[in-house]
**Q** 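Can you keep this structure in mind? I'll have questions shortly.
Counting starts at 1 for both ligands and their atoms, following the listed order. If you read the sequence from its start, that first residue is 1, and numbering goes on from there. The figures here come from the full heavy-atom set of this structure, side chains too, leaving out hydrogens, waters and symmetry mates.
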Amino acid sequence: MNPKPSIRHLLGKKTFSHDELVILLSADKGEQNLIFQKASEVKQNNVGNKVYLRGLVEYSNICSKNCFYCGVRSGNKNVRRYKLSESEVLEAAQFVLDQHFASMVIQAGELSSPQNTCRIGELVRKIKQLSQGKIGITLSLGEQSREIYRYWHDCGAHRYLLRIETSNPDLFQKMHPQDTFHTFEKRLQALEDLRNEGFQVGTGVMIGLPFQTYDDLAFDLEFFKNLDIDMVGMGPYIEHKDTPLYQYKDLLLSPLERLDLSLKMVALLRIIMPDINIAATTAMETIDPNAKIRALKVGANVIMPNLTPLKYKEDYLLYEGKPNIDEEAQQTLNYLIQSISAIHCEIGWDNWGDSLHFFHRHPENKEIEPHS
Ligand code: 5AD
Ligand code: SF4
């Protein structure tokens, strides 16, 4: 039998086989720093030291789905449901404009009613109007029909986030109710529809789910690559006591192990997809308040400061221990800006910070980015 290749040796290679990814993901604490260093170099050489900020608005926690891991699943009756008013969303847009972020993400539970579809479309139009086209809009509103995606794109949204959650169909099934509403195939179809409607498409997974293996995570990285995805947001799975998955909490890695694994996933993804956008996610911050900054150092280049009005923040708990729910956006932001400059990263003010990968695939679209 061949001896296990060293992490240092593997990192010298241009591409990794599936088994090599598994070895890299299982690197121990000492070895993982080699992966982080390599990812940091790859990041610098491909996307530079810019960090793009996107104001995140958690528009509503009303959701028709019932995912086993999520605190705002429809079956959780302990949640006070809310929806922001139009003026609350437009206030957040004004904040984005005043702060020179130039980008906004509207995220909510999944709803497909015609009223909801129109309300979102109108909001997108109004944000575009208010900002004279300066704000780039990302939507994260779950699986929808291709027609709805087209309508929202026509209204002016140009990026969409829809996580696959796990690329292993069997594990996906374990994480969701077994009905026609929660299927792996529909999720894949939605990702394809988004791509075909012209969106820059982001996806992602949870890391450290019960029953998930290193093998699954290596497949997740290969999934992103095979889908030729433009953006990724991924982070640790954090258990929530009002969800069915909570019963498996004793099977989980420790939170710190889940965070390390998440950082290794970010770093390896940066190495294998050098020009995509990778977000430093809030779930990471639940485990370590400095985790977003650590993620930036090992490959991430996007941060989404939360602009949900304070009075709703405590109702949008997909998982427990979510940070900064009692702080005003401005306060959290000041600290974030300081921490970013302390690691010698630069904020891409007034810039949509679109995925370079998208433009490398579609050089003809470069002119749609007015702020680069
Ligand atoms: N832990 C971590 N992430 C979660 N999400 C939902 N529930 C959890 C949880 N318990 C993530 C899912 C979803 C995104 C909006 O939030 O990946 O796609
Ligand atoms: Fe709804 Fe998203 Fe939570 Fe699933 S993960 S229950 S779709 S908000």
Side-chain angles (χ1 to χ4, degrees), residues 54 56-79 81-83 105-113 116 138-144 160-168 171-177 179 181-184 186-188 190-191 194 201-210 212 216-217 220 223-224 229 231-249 251-253 255 258-259 261-262 265 279-287 291 304 306 308 312 315-323:
R54 325 235 182 267
L56 171 66
V57 171
E58 292 154 335
Y59 168 66
S60 170
N61 65 357
I62 305 171
C63 187
S64 54
K65 282 227 162 100
N66 215 1
C67 309
F68 289 158
Y69 41 85
C70 176
V72 306
R73 63 201 300 272
S74 57
N76 183 4
K77 302 299 172 210
N78 299 332
V79 178
R81 304 286 165 174
Y82 73 85
K83 177 161 52 60
V105 181
I106 301 180
Q107 185 172 69
E110 188 176 305
L111 282 183
S112 317
S113 68
N116 187 61
T138 307
L139 298 178
S140 178
L141 303 164
E143 289 167 20
Q144 306 284 347
Y160 202 102
L161 307 174
L162 179 66
R163 290 186 176 182
I164 190 75
E165 315 298 359
T166 168
S167 64
N168 175 342
L171 186 59
F172 186 98
Q173 212 177 42
K174 282 202 184 83
M175 299 297 123
H176 298 94
D179 55 27
F181 202 41
H182 300 77
T183 73
F184 187 74
K186 279 198 185 141
R187 189 65 59 101
L188 281 182
L191 286 167
L194 285 163
V201 182
T203 191
V205 293
M206 285 177 285
I207 297 155
L209 287 164
Q212 192 180 42
D216 290 328
L217 292 169
D220 289 344
F223 174 86
F224 301 145
I229 209 75
M231 320 178 278
V232 171
M234 55 186 170
Y237 162 67
I238 313 280
E239 62 274 30
H240 188 301
K241 66 175 175 0
D242 295 332
T243 61
L245 220 56
Y246 194 69
Q247 64 185 298
Y248 302 113
K249 65 178 190 319
L251 299 182
L252 301 175
L253 293 172
R258 273 176 266 163
L259 177 59
L261 198 47
S262 302
M265 284 287 283
T281 57
T282 307
M284 296 183 183
E285 220 178 12
T286 305
I287 298 176
M304 301 191 268
N306 193 328
T308 309
Y312 302 116
D315 299 321
Y316 201 86
L317 297 185
L318 305 175
Y319 40 82
E320 289 172 293
K322 211 172 153 198

**Q** Mind checking whether Glu165 has a heavy atom under 4.0 Å from ligand 1?
**A** yes

**Q** For atom 16 (O) of ligand 1, which protein heavy atom lies nearest, and how many Å away is it?
**A** Leu318 CD1, 3.2 Å

**Q** Answer yes or no: does atom NZ of Lys65 have more than 12 heavy-atom neighbours from other residues, nucleotides or ligands under 6.0 Å?
**A** yes

**Q** Consider ligand 1: state whether an atom of it lies below 4.0 angstrom from any non-hydrogen atom of Gly71.
**A** no

**Q** Give every protein N, O or S atom lying under 2.8 Å from atom 3 (Fe) of ligand 2, naming each by residue and atom.
**A** Cys70 SG

**Q** Got Ile287 and Ile238 here, is their nearest side-chain heavy-atom distance under 4.5 Å?
**A** yes

**Q** Considering only protein heavy atoms, which is closest to atom 2 (C) of ligand 1, and at what distance to one decimal place?
**A** Pro236 O, 3.3 Å

**Q** Taking N or O atoms only and a 3.5 Å limit, does Arg163 qualify as a polar contact for ligand 1?
**A** yes

**Q** Determine, counting only non-hydrogen atoms of the protein, whether one lies under 4.0 angstrom from atom 5 (S) of ligand 2.
**A** yes

**Q** Among all protein heavy atoms, pick the one closest to atom 7 (N) of ligand 1 and tell me residue, atom and distance.
**A** Tyr69 CD1, 3.4 Å

**Q** Taking the side chain as every heavy atom from C-beta outward, state whether Val201 and Tyr160 have any atom pair closer than 4.5 Å.
**A** no

**Q** Tell me, which protein residue and heavy-atom name are nearest atom 1 (N) of ligand 1, and how many Å apart are they?
**A** Ile238 N, 3.0 Å

**Q** Could you tell me whether the side chain of Phe184 reaches within less than 4.5 Å of the side chain of His176, counting heavy atoms only?
**A** no

**Q** Ligand 1 versus Cys67, non-hydrogen atoms closer than 4.0 Å: side chain, backbone, both, neither?
**A** neither

**Q** Using a 4.5 Å cut-off on heavy atoms from C-beta on, say whether the side chain of Met284 contacts that of Leu259.
**A** yes

**Q** Testing the 3.5 Å rule here: is there a donor-acceptor pair between the side chains of Asn61 and Asp315?
**A** no

**Q** Hey, are Thr308 and Asn306 close enough side-chain-wise for a donor-acceptor pair under 3.5 Å?
**A** yes

**Q** Heavy-atom distance under 4.5 Å between the side chains of Tyr319 and Tyr69, does that happen here?
**A** no

**Q** More than 12 heavy atoms of other residues, nucleotides or ligands under 6.0 Å from OH of Tyr82: is that the case?
**A** yes

**Q** Do the side chains of Tyr248 and Glu239 get nearer than 4.5 Å, heavy atoms only?
**A** no

**Q** Tell me which one of Leu139, Leu194, Leu141, Thr203 satisfies side chain to side chain contact (heavy atoms under 4.5 Å, CB included) with Leu162.
**A** Leu194

**Q** Which is it for Met206 and ligand 1 at heavy atoms under 4.0 Å: side chain, backbone, both or neither?
**A** side chain

